[in-house]
Amino acid sequence: MGYREVYEGWKADPEGFWMEAARAIDWDEAPKQALFDRGDDIYEWFADARVNTCWNAVDRHVEQGRGDQTAIIHDSPVTHTKREISYVELRNRVASLAGALRAKGVEKGDRVIIYMPMIPEALEAMLACARLGAIHSVVFGGFAAHELAVRIDDAQPKAIIAASCGVEPGRVVHYKPLLDGAIDQAAHTPEFCVIFQREQEVAHLEEGRDVNWHGFQYGVEPAGCVPVEGNHPAYILYTSGTTGQPKGVVRPTAGHLVALNWTMKNIYNVDPGEVFWAASDVGWVVGHSYICYAPLIQGNTTVVFEGKPVGTPDAGTFWRVIEEHNVKSFFTAPTAFRAVKREDPQGEFVRKYDLSGLRAIYLAGERADPDTIEWTREMTGKPVYDHWWQTETGYTIAGNPVGIEPLPVKLGSPTVPMPGYDIQILGEDGTPLPAGELGAIAVKLPLPPGTLPTLWNAADRFRKSYLATFPGYYETGDAGMIDEDGYVWIMARTDDVINVAGHRLSTGGMEEVLASHPDVAECAVIGVSDALKGQLPMGFLCLSKGVDRPHAEIVTECVDLVRDRIGPVAAFKLAVVVDRLPKTRSGKILRGVMVSIADGKDYKMPATIDDPAILDEIAAAVKTIGYPTG
Ligand code: COA
Ligand code: AMP
């Protein structure tokens, strides 16, 4: 069957399609019904089933004779270490950790925050929660204490599992003081913290609250897998919205298992036993789905890579890992290849390694620019497939169904809708637009299994953010079009979310931080184009009356403030003081025009602008910080 037949087959009988896919999962109680319509545009999948994620990702492979197969390869150029963990070892380690968590009172439904770098123990912590039916929430290591505190208050975890430190090139990231700071700032206090002591830095343990990862497992009874209802939340993953309060995307257990398992063969074209590598971080959705869960659910070997595309130690790292571990399918963000290309434009490092085992390269997380795809294709001789998805969906909305039938690549398009997704381009009034016309990208409800059924603690926000604008549809927040051949094109976000090095960030969140500076009366943050990271945030600061301190000093304080409150991952380094911000007569800041000015692009003078002269002031201010870069 080709893609068209599979897609049409799904469309004709969506429930039958997913029931068939569900057969690949080991159920404690198999689903009798696929879709549950809860009314008011709320849907759930496989809610009548009982199942355990950890059993499917770990134990069943041991039972089926894969115990000696390597489950996880940790390749860490930043610590000069490599290590492999077999499925049987993984099962024993996870059962022991889960047993220790249970002995301290963690049960099904309890939340556990995980704050760890790219080490196998991060996956073990996720799987131990899944084993108990506890709901994990992983927080990316590049976020500051304040962001962690916000998540602690929202998720109200019984426990936090953290490492003593992370290792970034040239510096140790002191996780423990960040964790202590976050707990101090948060209103909610976890009952206990489990600290994995790394040899790069041994952290101080707080008497009565912190326990040592190894020590607290001593003598405990290993835990078995607890079956949970199909609609039980597997995890919460916070992602940026339009404000500083992140959205807690909820992932339902059964749909997650079924859908992720389906993607491994049909999209990534790997079979059980083969090595799959997603070079991302467990703190992002790519890490949840394709470093941890999907490869393990299918019985693949997954690579946990603790390093960067360049500088650890050089631009050949990706190729070395692919050769050394015989990676069949490789997934990363376009920005990573832009970094490699900048250091190794002629592909000298590529030629040093044998990539003959590699079948294909997959890109997602941000727009894949044609130059980067072409360069990667040319240097490696491998097909490069862009695919488009979001934290909310957890897997591909539009991609190339390589395991079904590789479709011709059109540079700049992530290819076609995957089964499960009826993608429509809508006009402002919600009517579907014809092929080739630009509009809001929406998905006809119901969304497929595994996608978010709600936001944690925020059912109203879920409705407002995703369901309210276009009744009967899920609003993706992206704008684009579908062409005559049915290919999807993603053009821009329709909200204040920007994408920096494949990381999704909220300009609204940054504005909230800047506005808290005592000298800042008003501010705006926009995303400007950057050749390496895709976008970078740029801040415009209007000072309060009477402030006569040097502007450079205030700018430095503001840059430090964002780093301190949101974290280094915000990459907020560009800011400038201006007298006024361009606004419409009704007072709305003209951010779109500011982006065009900063990027040196033509723009149409908005008819509603209050005072056009301000635009020249903005252009002059941008020049003072070295933009546009051309
Ligand atoms: N813990 C602590 N700090 C972190 C971190 C982590 N896990 N990850 C990143 N940071 C820090 C970086 O050290 C950097 O700090 P600095 O300002 O002191 O230099 C800052 O956050 C910005 O990081 P980043 O935007 O990643 O830039 P970089 O200069 O370190 O690296 C790339 C640039 C392109 C090499 C890098 O962004 C990359 O590999 N991107 C891949 C994208 C990716 O995996 N995206 C995930 C979605 S698929
Ligand atoms: P995240 O939730 O962090 O995965 O970010 C999702 C957002 O990143 C999407 O809504 C898009 O704006 C953008 N994005 C992800 N993948 C792609 C892609 N292949 N092409 C264009 N934009 C993408």
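First listed ligand is number 1; within each ligand, the first listed atom is number 1. Values reported hereafter were calculated over all heavy atoms of this structure, with side chains retained and with hydrogens, waters and symmetry mates removed.
Atom 39 (O) of ligand 1 has its closest protein heavy atom at Pro309 CD, 3.0 Å. Here the protein heavy atom with the shortest distance to atom 12 (O) of ligand 2 is Asp478 OD1, 2.6 Å. Taking atom 18 (C) of ligand 2 as the reference point, the nearest protein heavy-atom neighbour is Glu366 O, 3.2 Å. Residue, atom and distance of the protein heavy atom nearest to atom 6 (C) of ligand 2 are Trp389 O, 3.6 Å. The shortest contact between atom 19 (O) of ligand 1 and any protein heavy atom is with Lys573 NZ, 4.2 Å. Atom 47 (C) of ligand 1 has Gly502 O, 3.5 Å as its closest protein atom, hydrogens excluded (heavy atom only). The nearest heavy-atom contact from the protein to atom 5 (O) of ligand 2 is Arg504 CD, 3.4 Å. Ranking protein heavy atoms by distance to atom 22 (C) of ligand 1, first place goes to Pro568 O, 3.5 Å. Looking from atom 8 (N) of ligand 1 to the surrounding protein, the closest heavy atom is Phe140 CZ, 3.4 Å. Nearest protein neighbour of atom 13 (C) of ligand 2, counting heavy atoms only, is Asn499 ND2, 3.7 Å. Atom 28 (P) of ligand 1 has as its closest protein heavy atom Lys533 NZ, 4.0 Å. Of all protein heavy atoms, the one closest to atom 11 (C) of ligand 1 is Arg171 NH2, 3.6 Å.
Every heavy atom of Gly567 sits 4.0 Å or more from the atoms of ligand 1. For the ligand labelled ligand 2, residue Gly365 lies inside the 4.0 Å heavy-atom shell. Within the 4.0 Å heavy-atom cutoff, Ser280 counts among the residues contacting ligand 1. A heavy-atom separation below 4.0 Å is found between Thr335 and ligand 1.
Numbered from 1 in the order shown, with element, the atoms of ligand 1 that lie under 4.0 Å from a heavy atom of Val569 read 21 (O). For ligand 2, the atoms sitting less than 4.0 Å from at least one non-hydrogen atom of Thr391 are 1 (P), 2 (O), 3 (O), 4 (O), numbered in the order shown with element in parentheses. Atoms of ligand 2 lying under 4.0 Å from at least one heavy atom of Ile490, given by number and element, are 21 (C), 22 (N). For ligand 1, the atoms lying closer than 4.0 Å to a non-hydrogen atom of Val286 are 48 (S). Listed by number with element, the atoms of ligand 2 under 4.0 Å from a non-hydrogen atom of Asp386 are 18 (C), 19 (N). Counting the atoms of ligand 1 from 1 in the order shown, those under 4.0 Å from a heavy atom of Ala279 are 44 (O). Annotation for ligand 2: atoms under 4.0 Å from non-hydrogen atoms of Arg493 are 9 (C), 10 (O), 12 (O).
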Asp369 and Arg338: CA distance, side-chain angles, deciding distance, salt bridge (Lys or Arg N to Asp or Glu O under 4.0 Å) verdict:
CA-CA 10 Å; Asp369 53 293; Arg338 288 198 295 269; 2.9 Å; yes
Start with the C-alpha distance between Thr469 and Glu475, add both sets of side-chain angles, then the distance that settles side chain to side chain contact (heavy atoms under 4.5 Å, CB included), and finish with yes or no.
CA-CA 7 Å; Thr469 314; Glu475 184 184 7; 2.7 Å; yes
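Note: His387 and Tyr362 have perpendicular aromatic rings, judged against thresholds of 30 and 60 degrees for the angle between ring planes. Taking the six-membered ring where the residue is Trp, Phe140 and Phe143 present perpendicular rings, their angle passing 60° and hence far from 30°.
Looking at Arg342, Lys308, Met116, it is Lys308 that brings a heavy atom closest to atom 31 (O) of ligand 1. When the options Arg563, Glu168, His503, Arg504 are ranked by their closest heavy atom to atom 12 (C) of ligand 1, first place goes to Glu168. Nearest-residue assignment for atom 6 (C) of ligand 1 (options Gly287, Ala144, Pro117, Gly142; heavy-atom criterion): Gly142. Here the shortest heavy-atom distance to atom 43 (C) of ligand 1, taken over Ala336, Ala501, Gly365, belongs to Ala501. One option in Lys247, Gln390, Met491, Arg367 has a heavy atom closer to atom 22 (N) of ligand 2 than any other, and that option is Arg367.
Under a cut-off of 6.0 angstrom, the local environment of NZ in Lys82 is crowded, with over 12 non-hydrogen atoms contributed by other residues, nucleotides or ligands. By the neighbour-count criterion of 12 heavy atoms within 6.0 Å, atom CD of Glu374 is densely surrounded, having more than that number from other residues, nucleotides or ligands.
Residue Thr476 has no N or O atom closer than 3.5 Å to an N or O atom of ligand 2. Here's the thing with Glu392: none of its N/O atoms is less than 3.5 angstrom from an N/O atom of ligand 2.
Checked by atom type and distance alone, the side chain of Lys352 never pairs as donor or acceptor with a backbone atom of Gly316 at under 3.5 Å. A donor-acceptor pair is defined here as one N or O able to donate and one able to accept, closer than 3.5 Å; no such pair exists between the side chain of Ser529 and the backbone of Gln535. Under a 3.5 Å cut-off, the side chain of Ser289 and the backbone N or O of Tyr395 do not form any donor-acceptor pair. Using a distance-only test at 3.5 Å, with no hydrogens or angles considered, no donor-acceptor pair links the side chain of Ser506 to the main chain of Ser240.
The residues Lys308 and Glu168 are annotated as salt-bridged, a charged nitrogen and a carboxylate oxygen being separated by less than 4.0 angstrom. A salt bridge is defined here as a Lys NZ or Arg NE, NH1 or NH2 lying under 4.0 Å from an Asp or Glu carboxylate O, and Arg591 with Asp496 fails to meet this definition. Ion pairing of Glu201 with Lys176 is absent here, as no side-chain N (NZ or NE/NH1/NH2) approaches a carboxylate O to less than 4.0 Å. Between Glu306 and Arg83 there is no salt bridge, since no side-chain nitrogen of the basic residue lies less than 4.0 Å from a carboxylate oxygen of the acidic one. Between Glu392 and Arg504 there is a salt bridge, since a side-chain N of the basic residue sits under 4.0 Å from a carboxylate O of the acidic one.
Contact annotation for atom 36 (C) of ligand 1: protein absent (non-hydrogen atoms, distance under 4.0 Å).
If you run ring pair (Phe, Tyr, Trp, His ring centres under 6.0 Å) between Phe330 and each of Tyr268, Tyr290, Phe318, only Phe318 comes through.
A cation-pi geometry, defined here as NZ or CZ lying under 6.0 Å from the six-membered ring centre and within 45° of its normal, does not hold between Arg151 and Tyr115.
Residues Asp422 and Gln424 have side chains that bring a donor and an acceptor to within less than 3.5 angstrom of each other.
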